[in-house]
Participant: 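Below you'll find the structure I mean.
Note that the numbering runs from 1 along the sequence shown for the chain. Both backbone and side-chain heavy atoms feed into the values below; hydrogens, waters and symmetry mates do not. Counting starts at 1 for both ligands and their atoms, in listed order.
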Amino acid sequence: MSKKYVIGIPAENRLIGNLPRNIVNNSEVAGVIKHGGVPLLIPTTNPELMSMYANLIDGLLLPGGPDVAPKFYDEEPINELGDTDSFLDASEINLVQLAVKNKKPIFGICRGIQVLNIALGGNVYQDLYSQRKHPTLQHFQKAPMVQGTHTISITPDSYLEQIVGKSDKLFVNSHHHEAVHIVSQQLKVSAVAKDGVIEGIESKDDDLIIGVQWHPEAMYETDAKEDALFSNFMDRVNSFANQLSKV
Ligand SMILES: [Mn+2]
């Protein structure tokens with residue numbers, strides 16, 4: 001792929017010491033660069049600038065981060081909800097809706113899969129352990145993030161299966177207490193953990209959207225299947241950009 005595509009990555013506004021900083025994880029930035037993309041860090045800002053950013057980018061990578069404020073899916077916060085930043089939520093939800101409208105491919109990681117689902121009308125568990133009736137596995141692993149700890153089943157004939165291969169036992173890492181609950185009508189489930197927790201969602205009708213609940217950015221250097229998620233993202237960006245340029 002010779003053309004360089006611009007990949008938007010929303011930055012979190014977080015207090016580091018005494019200073020508010022715009023931060024992103026270096027592993028997502030490095031993953032985009034490794035696969036030939038140009039990362040563009042997008043600060044939390046007003047809707048007018050957001051629509052400018054949405055036009056600048058060829059693809060959107062939604063990284064991990066804090067919980068999503070439940071007001072975005074019409075719920076009140078339960079006691080087990082973690083840190084939230086509703087300005088970040090509003091910015092990312094806005095970006096997802098613009099990216100879908102403009103046919104810019106999206107790759108959502110951890111919090112990203114949740115933001116995707118909420119932006120398109122679905123919701124999430126605020127806390128798996130207090131809200132699910134079923135026994136729930138350890139999804140906030142104590143092992144290093146480079147190591148997979150629980151398995152997932154990839155939905156047969158899903159787009160995700162084309163990327164990582166057929167498997168009912170793919171080991172993934174896990175660092176979440178929220179997860180997709182009611183799936184957006186525009187999306188379908190592409191992977192589940194053995195306890196039934198949704199670990200992957202994707203577009204129903206095209207290859208525009210992929211979201212995973214685990215952290216491929218912490219594993220792609222040592223795991224070819226996780227690396228394939230990044231290279232597939234750049235392939236999707238290339239393919240949608242080519243379609244757009246023909247319109
Ligand atoms: Mn998990």
Participant: Tell me the angle that NE2 of His150 and NE2 of His176 form around the Mn ion (ligand 1), rounded to 10°.
Facilitator: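 Here the angle at the metal atom is close to 170°, to 10°.
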Participant: For Asp205, look at atom CG and say whether over 12 heavy atoms of other residues, nucleotides or ligands are found less than 6.0 Å away.
Facilitator: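 No.
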Participant: Where the side chain of Ser184 meets the backbone of Gly122, is there a donor-acceptor pair that is under 3.5 Å apart?
Facilitator: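 Answer holds: no.
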Participant: As a test of reading the structure, name the N/O/S atom of His139 that is nearest the Mn ion (ligand 1).
Facilitator: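 Within His139, restricted to N, O or S, the Mn ion (ligand 1) is closest to atom ND1.
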Participant: How close do Leu98 and Ser51 get, heavy atom to heavy atom, and via which atoms?
Facilitator: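 Between these two residues, the closest heavy atoms are CD1-CA, 3.8 Å.
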Participant: The Mn ion (ligand 1) is nearest to which N, O or S atom of Glu199?
Facilitator: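 Atom name of the closest N, O or S in Glu199: OE2.
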Participant: Can a side-chain donor-acceptor contact be found between Lys142 and Thr149 if the only test is distance below 3.5 angstrom?
Facilitator: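 There is no such pair (donor and acceptor under 3.5 Å, judged by atom type) between the side chains of Thr149 and Lys142.
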Participant: Using 2.8 Å as a strict upper limit, say whether an N, O or S atom of Asn173 approaches the Mn ion (ligand 1) that closely.
Facilitator: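 No, outside the cut-off.
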